Amino acid sequence: MIELHIGGATTASILVSVIVIFFLVFAFSFAFGDIPSGESRFSKEWLAAWSHATLPRLIAAALFSAALFAGSSLYGDGDPGSGPASAAGCDDPVAPLTGGEVTDARILLGSEGMLQIADAAADGRVDGAQTLFFSLNAHSLTHDIDAPLRAVDEGLARDLCRRVIVLENQMAGTLDVAVIEREARAIADMLAQARDVLANAPPSSSSASALDPCSNPIGAVTSDPLTAARLSSVIDTYRQVDRDALAAPADELRAAFGGDAHNLSHNIDGPLRRADLQLALDLCHSVLQIEREFAGDYNRDVIAAESLTTARILEEAGTTLGILE
């Protein structure tokens with residue numbers, strides 16, 4: 001969704017483009033301009049003929065360059081995402097990227113993903129922010145959520161779209177960490193708003209308004225096998241989050257939860273549902289509560305309690321599935 005992004009360039013870079021355009025006009029006119037019969041280049045007659053042939057080109061180049069420069073001044077130096085160029089690109093619905101269902105849990109993960117991108121940018125890790133943006137559910141969600149959100153709150157959908165355009169263009173080339181951090185945090189906040197809007201929408205308006213996001217199986221996010229060593233490591237991680245929740249920095253807790261601890265909760269869902277549906281639902285609801293806290297209220301007591309609950313459920317799940325003894 002990268003446009004002819006005048007707003008992505010600075011006024012200085014547009015000025016360079018103007019100079020190059022004029023230079024090329026002169027160069028082509030000089031090389032291919034007519035030479036009056038019997039005259040040589042740089043003669044009085046040749047200069048007059050060359051000027052006559054070049055003038056229309058100069059006028060056209062000047063008009064085009066002036067329009068380009070004006071566009072840069074209007075859209076390039078203002079608040080990203082607020083200019084008419086971005087607005088025009090978001091007047092119509094955005095095509096989905098995956099076609100996947102927009103569930104409450106997915107919105108929460110998308111919001112959390114945007115916060116991870118913002119944190120990476122704040123730390124100056126541009127490559128990390130790019131990798132997270134293009135690999136996480138966060139980016140695809142901003143496309144997939146447009147249609148259901150637009151059906152119930154068109155204004156919020158357009159605002160979200162504008163912010164995403166700015167972030168996409170940043171990731172594609174500009175890479176201003178301050179802008180990336182600001183826009184990613186703004187998108188995370190808008191996704192939180194969208195979650196509330198969709199949760200309260202009529203059932204026919206949005207697939208995200210299901211009463212229980214855990215009612216359907218959760219897709220695996222990696223192909224890593226469910227081994228005893230992996231499950232034990234994840235259980236230890238949840239117990240560590242429980243111990244550290246009241247004192248550890250938020251970024252450390254998010255990083256611990258956002259790694260394999262989160263991935264395994266998806267990967268184990270399918271096998272566990274087939275073996276013990278109620279246990280699978282209990283695990284899903286506990287992990288979902290942790291996701292909600294990281295994405296919104298951030299109640300450390302709840303994070304600690306649910307992390308301990310998740311660890312205990314995973315121990316029982318491991319025994320049920322024959323992974324742990």
Side-chain angles (χ1 to χ4, degrees), residues 1-3 5 7-10 13 76-77 79-81 86 97-98 105-145 160-192 194 221-224 230 233-234 236-238 240-241 244-245 247-267 287 290-298 300 303 307:
M1 186 160 79
I2 299 173
E3 302 177 343
H5 184 53
T10 63
S13 64
D77 297 333
D79 181 34
S86 294
L97 284 185
T98 70
R106 188 180 175 200
I107 298 174
L108 286 168
L109 287 174
S111 181
E112 174 62 23
M114 283 296 170
L115 290 177
Q116 292 179 33
I117 292 168
D119 290 342
D123 292 339
R125 294 183 285 114
V126 176
D127 291 343
Q130 279 184 303
T131 300
L132 289 169
F133 179 73
F134 289 114
S135 64
L136 287 177
N137 161 68
H139 174 231
S140 60
L141 172 67
T142 60
H143 286 253
D144 294 346
I145 200 175
L160 176 61
C161 172
R162 291 166 186 157
R163 293 285 186 178
V164 173
I165 285 178
V166 175
L167 190 56
E168 284 178 334
N169 283 303
Q170 285 292 325
M171 294 300 183
T174 309
L175 296 178
D176 184 326
V177 291
V179 176
I180 292 173
E181 180 186 4
R182 181 188 67 208
E183 297 304 315
R185 293 196 190 283
I187 291 171
D189 181 64
M190 288 183 177
L191 287 175
V221 294
T222 73
S223 58
D224 298 330
R230 184 186 178 202
S233 176
V234 167
D236 289 342
T237 297
Y238 277 108
Q240 188 65 45
V241 171
D244 294 344
D251 290 347
E252 291 184 12
L253 294 176
R254 285 195 182 99
F257 174 74
D260 200 41
H262 169 258
N263 294 343
L264 183 134
S265 69
H266 281 248
N267 292 3
V287 173
I290 298 173
E291 291 174 350
R292 284 186 174 131
E293 293 304 321
F294 277 129
D297 295 335
Y298 199 73
R300 289 176 177 267
I303 292 172
S307 295

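On a predicted model such as this, the values are computed, not experimentally measured, just so you know.
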Next on the checklist: Could you check whether any side-chain N or O of Ser265 sits under 3.5 Å from a backbone N or O of His262, counting only pairs where one atom can act as donor and the other as acceptor?
Outcome noted: yes

Item to check | For Asp236, all residues meeting salt bridge (charged side-chain N to carboxylate O under 4.0 Å, His left out), sequence neighbours excluded | outcome: none

Next on the checklist: For Asp127, is there any backbone N or O sitting under 3.5 Å from a side-chain donor or acceptor partner on Thr131?
Outcome noted: yes

Next on the checklist: Would Glu168 and His139 count as a side chain to side chain contact (heavy atoms under 4.5 Å, CB included) here? Give the steps.
Outcome noted: CA-CA 9 Å; Glu168 284 178 334; His139 174 231; 3.0 Å; yes

Checklist entry - Is the shortest heavy-atom distance from the side chain of Gln130 to the side chain of Leu175 under 4.5 Å? => result yes

Checklist entry - Would you call Asp244 and Arg300 a salt bridge, taking side-chain N to carboxylate O under 4.0 Å as the test? => result no

Checklist outcome for this item: Closest non-hydrogen contact found for Ala129 with Ala121 is CB-N, 4.3 Å

Checklist entry - Looking at Tyr298, is Arg292 sitting on its ring face, NZ or CZ under 6.0 Å from the six-membered ring centre and within 45 degrees of the normal? => result no

Next on the checklist: If we ignore hydrogens and angles and just use 3.5 Å, is the side chain of Glu183 paired with the main-chain N or O of Val164 as donor and acceptor?
Outcome noted: no

Item to check | Backbone of Ala178 reached by a side-chain donor or acceptor of Asp176 within 3.5 Å | outcome: yes

Item to check | Verdict with supporting geometry, Tyr238 and Ile290, side chain to side chain contact (heavy atoms under 4.5 Å, CB included) | outcome: CA-CA 11 Å; Tyr238 277 108; Ile290 298 173; 3.9 Å; yes

Next on the checklist: Could you check whether any side-chain heavy atom of Val126 comes within less than 4.5 Å of a side-chain heavy atom of Met171, counting everything from C-beta outward?
Outcome noted: no

Item to check | Option from Leu191, Ile165, Asp189 for which side-chain contact (heavy atoms from CB on, under 4.5 Å) with Leu160 holds | outcome: Leu191

Checklist entry - Would Asp144 and Arg106 pass as an ion pair if we require N to O under 4.0 Å? => result yes

Next on the checklist: Exactly one of Asp224, Thr222, Asp260 should register a side-chain hydrogen bond (donor to acceptor under 3.5 Å, both in side chains) with Asn267. Which one does?
Outcome noted: Thr222

Item to check | Within-4.5 Å side-chain heavy-atom neighbours: His266 and Leu109 | outcome: yes

Checklist entry - Is there side-chain contact between Gln170 and Phe133, with at least one heavy-atom pair below 4.5 Å? => result no

Next on the checklist: Quick one: does any side-chain atom of Thr237 pair with a main-chain N or O of Ala261 as donor and acceptor, under 3.5 Å?
Outcome noted: no

Next on the checklist: Are the side chains of Asn263 and Val234 in contact, using a 4.5 Å heavy-atom criterion?
Outcome noted: no

